Amino acid sequence: MKRIGIIFKKEFIDTIRDRKALFFMIVFPVLVFPLLIGVTTTIQINIMKKEQGKVLNLAYIEYGSAPSLLKAFQADTSLTLHFGLSENAADSLILIDSLDAALIITENFQEDIRNLKSGTIQLHFRTEGSLDIAMTRIKNIISAYSDGLLSARLGDLKVDKEMIIPVIINEMDLASQREKLGKTIGGFLPYIFILFCFAGAMYPAIDLGAGEKERGTLETLLVAPATRLEILLGKFGVISLAGIISAGISLLGIFISLIFVKEIPEELIQIASEILQPGTIILLITLLLPLTAFFAALLLILSIYAKSFKEAQSIITPLNIVILFPILIGSLIPGMHLNSYTALIPILNVALASKEVIAGTTQLIPMVLVYLSSIIIAGLGIFACSQWFQQENVIFRD
């Protein structure tokens, strides 16, 4: 153990002297969350303000008459109505962003309204994404007009509005605010934690394996009075620690975001603060420990195999994409939950378990399976790495 500690200390000092490793292990995780949350929140708020205050250009095309609807649109000062356009011309202008939308009144619209039928309106537009505020504003005017007609019809018939609404659904969502927010951001945070774990461990692994081979210091270390397993465990400990530090510092980045990003709503900050309690953070770290050990073993295997630092980078960098697949499956596919089956799938199980921890909806058996499967995979990775490190033709590969 003493010799492992000496090797660990030596390798750790070498690692913290590497500016690139320090950047990806400490600086990048601290900066990424404030920048990511601050920039995206600011951009989204500015876009919403711009869209809400924007004067909309609306083509008003009448094949039939609708005087009361026209008055409703003319009363809105945030709209500029354009008359005399054909349907095809309006569509062309919408496609080149000269018009926001076109409202087309069908030929029998007013007659259908008088006969207590449904009048038909066509609304032509081009979808701009989930924040389609322009269309919402136009539809709100039409909806208010429609509600007014319905109330007038029911008044003429002396019918209470409740008579045409036979069933009212009173929805009661039993999920807490933490659970709802946790399910929303819970798919995003594990994505970041796991990537930081991998990125934080990657550069120390490359340097302590291929880097030492390239510098010619690995041979000196191998003739030291320590077994290869002790040398391996010393390197492995430093790489694992680097991954955990990187993931832990990313949590610090979240707290910095909550404190300094003023655009985040106060209620969201309060809920996020409730989620990120010490117990939650400890659970997240314990989930990442065996996964980081597996990453460290895998990275060290590839780094020891590589002949140079550059070759190790070219071999290891594509693994970022491989790791993304199970994380994205857990984050993006609807209905993907932690159960007895998904708890056995590497990386995916940690992503789903982290999601449950953040939402506060963990269940004992799936969580136990996640820990067991992660520990077994980490153990297998360490064993494979130790066997790999014993082979001279791998360490001194031509």
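Atoms considered below: every heavy atom in the structure, side chains included; atoms not considered: hydrogens, waters and symmetry mates. All values reported here derive from a predicted model rather than from experimental measurement.
The side-chain heavy atoms of M367 and L287, taken from C-beta on, include a pair separated by under 4.5 Å. Looking only at side-chain heavy atoms (C-beta outward), L103 and I142 come within less than 4.5 Å of each other. Taking 4.5 Å as the limit, every side-chain heavy atom of Y60 sits out of range of all side-chain heavy atoms of L79. Looking only at side-chain heavy atoms (C-beta outward), L291 and C197 stay at 4.5 Å or farther from each other. In this structure the side chain of Y305 never reaches within 4.5 angstrom of the side chain of I301, judged on heavy atoms.
A pairwise comparison of heavy atoms in Q74 and F83 identifies NE2-CZ, 4.3 Å as the closest pair. Across F389 and R228, no two heavy atoms sit closer than the pair O-NH1, 3.3 Å. A pairwise comparison of heavy atoms in H82 and T80 identifies CD2-O, 3.4 Å as the closest pair. Minimum heavy-atom separation, N349 to L338: O-CD1, 4.0 Å. Taking all atoms of both residues into account, the shortest heavy-atom contact from S373 to A343 is OG-O, 2.9 Å. Taking both residues in full, the closest heavy atoms of D112 and R153 are given as O-NH2, 4.1 Å, listed atom of the first, atom of the second, then distance.
Here the straight-line distance linking atom CD1 of I315 with atom CG of L299 works out to 11.5 Å at 0.5 Å rounding. Summarising the geometry, atom CD1 belonging to I121 is positioned 12.5 Å from atom NZ belonging to K139; distances are rounded to the nearest 0.5 Å. Atom CD1 of residue I304 and atom CD of residue Q391 lie 10.5 Å apart, to the nearest 0.5 angstrom. Rounding to the nearest 0.5 angstrom, the gap separating the OG1 atom in T292 from the CD1 atom in I244 is 3.5 Å. Note that CD1 of I138 is 9.0 Å distant from OG of S78, once rounded to the nearest 0.5 Å. Rounding to the nearest 0.5 angstrom, the gap separating the CG atom in D91 from the CZ atom in R126 is 12.0 Å.
Side-chain atoms of S374 never come within 3.5 Å of backbone atoms of P290 as a donor-acceptor pair (strictly under, hydrogens ignored). Put simply, the side chain of S303 gets close to the backbone of A205: a donor and an acceptor are under 3.5 Å apart. Using a distance-only test at 3.5 Å, with no hydrogens or angles considered, a donor-acceptor pair links the side chain of K213 to the main chain of A306. Between the side chain of E111 and the backbone N or O of N108 there is no donor-acceptor pair closer than 3.5 Å. No donor-acceptor pair under 3.5 Å is formed between the side chain of S151 and the backbone N or O of G148.
Residue-environment remark: CD1 (I321) stays at or below the threshold of 12 foreign heavy atoms within 6.0 Å. Counting non-hydrogen atoms of other residues, nucleotides and ligands closer than 6.0 Å to CD of E87 gives a total above 12.
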Next on the checklist: Before you tell me yes or no, could you show the steps for F294 and L380 under side chain to side chain contact (heavy atoms under 4.5 Å, CB included), namely the whole-Å CA-CA distance, both residues' side-chain angles and the distance that decides it to 0.1 Å?
Outcome noted: CA-CA 8 Å; F294 170 70; L380 291 173; over 6 Å; no

Next on the checklist: Could you go through L229 and S386, starting from their C-alpha distance and side-chain angles, then the distance that decides it, and tell me whether this counts as side chain to side chain contact (heavy atoms under 4.5 Å, CB included)?
Outcome noted: CA-CA 6 Å; L229 181 60; S386 67; 4.0 Å; yes

Next on the checklist: salt bridge (Lys or Arg N to Asp or Glu O under 4.0 Å), that's the test. Do D207 and R215 meet it? Break it down for me.
Outcome noted: CA-CA 10 Å; D207 186 65; R215 293 190 298 269; 2.9 Å; yes

Item to check | Worked check of side chain to side chain contact (heavy atoms under 4.5 Å, CB included) between F8 and V238 | outcome: CA-CA 6 Å; F8 177 89; V238 172; 3.5 Å; yes

Next on the checklist: Test side chain to side chain contact (heavy atoms under 4.5 Å, CB included) on I61 and Q122; report intermediate values, then the result.
Outcome noted: CA-CA 10 Å; I61 302 170; Q122 292 182 23; over 6 Å; no

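Hydrophobic cluster membership for I96: L85, L93, I94, L99 (Ile, Leu, Val, Met, Phe, Trp, Tyr linked by side-chain heavy atoms under 4.5 Å, directly or transitively).
Tested against D100, the residues N57, V55, L58 include a single side-chain contact (heavy atoms from CB on, under 4.5 Å) partner, N57.
With 3.5 Å as the limit, one finds no donor-acceptor pair spanning the side chains of S143 and N140.
Between F198 and F295, the ring planes lie perpendicular to each other; the angle is over 60°, past the 30° to 60° tilted range.
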